[in-house]
Student: 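Can you keep this structure in mind? I'll have questions shortly.
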Amino acid sequence: MPIALTPAQKRYLRGLAHALKPVVLVGGKGVGDALVAETLGALRIHELIKVKVAAEDRDARDRAIATLAEATDASLVTRIGNVAVLFRPNPEKPLIALPR
């Protein structure tokens with residue numbers, strides 16, 4: 001289950017994500033098991049990642065982002081155009097300390 005982020009925490013994470021490059025690219029095949037596994041690995045290492053979705057319409061992008069966030073138990077920080085920012089803290093060694 002993804003953690004609930006406060007508006008202040010989302011604002012903080014958006015600031016951290018500003019300089020990041022997308023590490024996960026969702027192509028025409030959509031969200032599959034291999035993409036979920038790759039996203040889980042990236043979240044485990046980085047905790048905060050950008051995901052770029054190559055879908056033709058807004059509804060398809062929204063569905064792909066929601067499916068990926070749900071499958072990885074990540075919190076959706078923001079979505080601008082075809083780029084989304086996902087956050088999932090590492091339970092063993094957290095890298096990012098969220099403000100209260």
Student: Compile the donor-acceptor pairs under 3.5 Å between side chains in residues 78-91 and protein atoms, sequence neighbours left out, one pair per line.
Tutor:
from: Arg79; atom 1: NE; to: Asp62; atom 2: OD1; distance (Å): 3.0
from: Arg79; atom 1: NH1; to: Gly81; atom 2: O; distance (Å): 2.5
from: Arg88; atom 1: NH1; to: Thr72; atom 2: O; distance (Å): 3.0
from: Asn90; atom 1: OD1; to: Glu92; atom 2: N; distance (Å): 3.1
from: Asn90; atom 1: ND2; to: Arg44; atom 2: O; distance (Å): 3.2

Student: Atom CD of Glu38 and atom CG of Leu40: how far apart are they, to the nearest 0.5 Å?
Tutor: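 One gets 9.5 Å once the value is rounded to the nearest 0.5 Å.
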Student: Answer yes or no: are there more than 12 heavy-atom neighbours, outside Asp33 itself, under 6.0 Å from its atom CG?
Tutor: no
Student: If you measure from CD1 on Ile3 to CG on Leu98, what distance do you get to the nearest 0.5 Å?
Tutor: 5.5 Å
Student: Got Val51 and Ile65 here, is their nearest side-chain heavy-atom distance under 4.5 Å?
Tutor: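 Side-chain contact under 4.5 Å: no.
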Student: Is it true that Leu48 and Ile45 fall in one hydrophobic cluster, defined by side-chain heavy atoms closer than 4.5 Å?
Tutor: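 No, Leu48 does not connect to Ile45 through the hydrophobic network.
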Student: Can you list, pair by pair, the side-chain donor-acceptor contacts under 3.5 Å of residues 9-24, counting residues two or more places apart and other chains?
Tutor:
from: Gln9; atom 1: OE1; to: Thr6; atom 2: N; distance (Å): 3.0
from: Gln9; atom 1: OE1; to: Thr6; atom 2: OG1; distance (Å): 3.4
from: Gln9; atom 1: NE2; to: Pro99; atom 2: O; distance (Å): 2.9

Student: Could you state the interatomic distance from CG (Leu35) to NZ (Lys29), rounded to the nearest 0.5 Å?
Tutor: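 Going from the CG atom of Leu35 to the NZ atom of Lys29 covers 11.5 Å.
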Student: Within the structure provided, determine whether Leu43 and Asp73 are in side-chain contact (heavy-atom separation under 4.5 Å).
Tutor: no
